[in-house]
**Student:** 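Below is the structure I would like to discuss, written out as structure tokens.
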Amino acid sequence: VLELSSWQVEGRAWTGLRTRGAVSTNLMPDHLDRYESLDAYAQAKAGLVAGQGPADWAVLPANDRWGDWYAQ
């Protein structure tokens, strides 16, 4: 089990590491000191679920714009 920040998720993108299970918390504007927008922040965290297959799982925020976006 690893707890990764958005910038750590970005950093592992080139490694081929794949998450078979993932949990994402809500995106909050307190990280906008690193990202230019919530969209950019969401894109950075998307690597957490990118590349998951049908047998993998993710726990995402319910009734949340970003949780719905990740699920798609």
Side-chain angles (χ1 to χ4, degrees):
V1 175
L2 298 172
E3 178 183 359
L4 302 172
S5 69
S6 56
W7 61 270
Q8 289 172 309
V9 172
E10 286 178 300
R12 72 158 193 87
W14 61 271
T15 67
L17 181 66
R18 183 178 134 204
T19 57
R20 298 192 187 275
V23 177
S24 179
T25 56
N26 294 349
L27 273 75
M28 303 300 287
D30 58 336
H31 290 288
L32 294 183
D33 58 334
R34 179 171 174 86
Y35 299 100
E36 62 187 44
S37 66
L38 278 175
D39 289 336
Y41 179 30
Q43 193 68 33
K45 288 184 73 167
L48 189 62
V49 294
Q52 284 191 312
D56 301 329
W57 58 269
V59 177
L60 304 169
N63 302 316
D64 177 89
R65 170 184 171 198
W66 303 111
D68 294 343
W69 183 74
Y70 289 141
Q72 291 177 10

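Nothing fancy with the numbering, it's 1 onward along the sequence. Hydrogens, waters and symmetry mates play no part in the numbers below; they use all other heavy atoms, side chains included.
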**Student:** For residues 51-61, which residue pairs pass the side chain to side chain donor-acceptor pair (under 3.5 Å) check, not counting sequence neighbours?
**Tutor:** Arg18-Asp56
**Student:** For residues Pro61 and Ser24, report the shortest heavy-atom separation together with the two atoms involved.
**Tutor:** CD-O, 3.4 Å
**Student:** For residues 40-49, which residue pairs pass the salt bridge (Lys or Arg N to Asp or Glu O under 4.0 Å) check, not counting sequence neighbours?
**Tutor:**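 Those involving residues 40-49 do not exist here.
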**Student:** So which atom in Thr19 and which in Leu48 form the shortest heavy-atom distance, rounded to 0.1 Å?
**Tutor:** OG1-O, 2.5 Å
**Student:** Would a distance-only check, ignoring hydrogens and angles, find a side-chain to backbone donor-acceptor pair under 3.5 Å from Ser6 to Ala44?
**Tutor:** no
**Student:** Nearest heavy-atom pair of Ala22 and Val49: which atoms, and what distance?
**Tutor:**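 Shortest heavy-atom separation between Ala22 and Val49 comes out as CB-CG1, 4.3 Å.
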**Student:** Of the non-hydrogen atoms in Gln8 and Glu3, which two are nearest, and what is the gap between them?
**Tutor:**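 Smallest interatomic distance, heavy atoms only, reads OE1-O, 3.9 Å.
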**Student:** Excluding sequence neighbours, so at least two apart, what forms ring-ring contact (aromatic ring centres under 6.0 Å, His included) with Tyr35?
**Tutor:**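 ring-ring contact (aromatic ring centres under 6.0 Å, His included) check on Tyr35 returns Tyr41.
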**Student:** Side-chain heavy atoms nearer than 4.5 Å, only ILVMFWY residues, links allowed to pass through others: does that put Trp69 and Leu60 together?
**Tutor:**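 Yes, Trp69 connects to Leu60 through the hydrophobic network.
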**Student:** Hydrophobic clustering (ILVMFWY, side-chain heavy atoms < 4.5 Å, transitive) - are Leu27 and Leu32 grouped together?
**Tutor:**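 Result: yes, single cluster for both.
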